[in-house]
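First comes the structure, then the notes that go with it.
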There are 2 protein chains.
Amino acid sequence: MPRAGLTAATVTEAAAALVDEVGFDQLGIGLVAERLGVKTPSLYKHVTGQTDLAHRIAILAMNQCADAIRDAIQGRSGTEALARGAQAMRTFVKDHHGRYAAANAARPTGPDDPLIDALNRVVDSWAAMLHGYRIDPDQQIHALRMLRTVLHGYASLEAAGGFQFATDIDDSFTWMIDFIDHGLQETTATSTNSAPSSRAAPGVTL
Amino acid sequence: MPRAGLTAATVTEAAAALVDEVGFDQLGIGLVAERLGVKTPSLYKHVTGQTDLAHRIAILAMNQCADAIRDAIQGRSGTEALARGAQAMRTFVKDHHGRYAAANAARPTGPDDPLIDALNRVVDSWAAMLHGYRIDPDQQIHALRMLRTVLHGYASLEAAGGFQFATDIDDSFTWMIDFIDHGLQETTATSTNSAPSSRAAPGVTL
DNA sequence: CGAAGTAGCTAATGTCGTTAGCTGTAGACT
DNA sequence: AGTCTACAGCTAACGACATTAGCTACTTCG
């Protein structure tokens, strides 16, 4: 009986692919094992249990999400960065709704949980999308939270099938991003403050 | 051995209260039965199973949510309706995050599922919040979807503990609602169309 | 090539949702 | 009141699934 050559990373990848297909709530050790051609208890050599597995999926998902946004806004700024980053986030969630759900369900287990780094990478990605707008430093945290709210809200609704049978969702999404873009430019205009917009460093507190 | 006098409604209420305390993912038939002073299998006289119970919680939640918003915006319109309705929705979800999670997880089982009516009531509540703004009819659906996205996004993030240790969440929420209010008034200004803004009837397609 | 470490397996346990079948109660009908 | 029917709730049992214990055999390192 030859070995399958599994690692924690292999198992996590397979589980992430699984939940993207069947949904995060359908995650089961047995299904993952079957997909890997291995008996159920074998997985416990690589992950400590189902919660650990879900946690690893979450870390993977957040890192991939951050990568996707980073790649999408390479060198762009302002309106263009916002539009491209938002679309990147949206398509990532659409293609990987299972692992995104895992990420939403996950909570950091401690101060040095790798999940925190992954989450911070995503928050940094969102912050980068706002760089081009010269936002009053006092309002940066609010703008960032709004962006997170909108992106998360739209993504999770679409992933969960919230927008039933509607064919023009794409239009609504771009309309919404436009709406935010205009509003942010307005905000900038009113604030005559031209300080060099030091990068917001939100950390875990978002 | 006297009877407990349970009904489907009683069980649903108890289960909703339970998930608000322990979280929707911790929903268990045994816990609900214990709370009602009854043995586990007895609940199957009132609900067909765990999925049915979750489904009933979802219907209850959406109806209560719609009521809360309706009560909050009684007779108001425009900016004030938006602000009050948004706050009502937010506090409802904060106080009842378990049943709200149940509602998000639920899917209609058929065309005459009572869940659909409940969802439509909520959508109508949101639509009512936008009445005061004379929005171009072509853009009403987009504005409504944006409102839903923002409210749902914020509520679910806050319910799930997404905004870690941040004390100024209230400020961010009102800032965001203000942002949307300004943007909607802008939208109105540009559209010289003064048609009598017939009520958007989104139905299930949101 | 031998020994240590370990990946994967079989067997067994506990929890939990669910079903089957029984019993006593609450309300209806005479 | 007395009886009869409907059914709420119970006990017992089953099945699915996560998890643990302990064994076997493959792989790698010296």
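Proteins come first, then strands; the chains are lettered A, B, ... in the order of their sequence lines, and each starts at number 1.
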Applied to residues 82-94 of chain A, the salt bridge (charged side-chain N to carboxylate O under 4.0 Å, His left out) test, sequence neighbours excluded, yields A:Arg90-A:Glu158, A:Arg90-A:Asp170, A:Lys94-A:Glu158
Within residues 24-58 of chain B, those residues having any heavy atom closer than 4.0 Å to DNA chain D are B:Val38, B:Lys39, B:Pro41, B:Ser42, B:Lys45, B:His46
Across all chains, not counting sequence neighbours, the side-chain hydrogen bond (donor to acceptor under 3.5 Å, both in side chains) partners of B:Gln64 are B:Arg99
Sorted by chain and residue number, the salt bridge (Lys or Arg N to Asp or Glu O under 4.0 Å) partners of A:Arg76 (sequence neighbours excluded) come out as A:Glu80
Those residues at least two apart in sequence (or on a different chain) that pass salt bridge (Lys or Arg N to Asp or Glu O under 4.0 Å) with A:Asp67 are A:Arg70, A:Arg121
side-chain hydrogen bond (donor to acceptor under 3.5 Å, both in side chains) pairs touching residues 5-15 of chain A, sequence neighbours excluded, are A:Thr7-A:Thr10
Note: contacts of residues 7-21 of chain B with DNA chain C (heavy atom, under 4.0 Å) are none
Residue set satisfying side-chain hydrogen bond (donor to acceptor under 3.5 Å, both in side chains) with A:Asp52, at least two apart, ordered chain then number -> A:Arg56
Across all chains, not counting sequence neighbours, the side-chain hydrogen bond (donor to acceptor under 3.5 Å, both in side chains) partners of B:His96 are B:Asp20
Sequence neighbours excluded, the answer for side-chain hydrogen bond (donor to acceptor under 3.5 Å, both in side chains) partners of A:Thr79 is A:Asp181, A:Gln185
Hey, does A:Met129 have a side-chain heavy atom less than 4.5 Å from the side chain of A:Leu151?
yes
Here the side-chain hydrogen bond (donor to acceptor under 3.5 Å, both in side chains) pairs for residues 28-46 of chain B, sequence neighbours left out, are B:Glu21-B:Arg35
Between the protein and nucleotides 27-30 of chain D, list the N/O to N/O atom pairs that are separated by less than 3.5 angstrom.
none

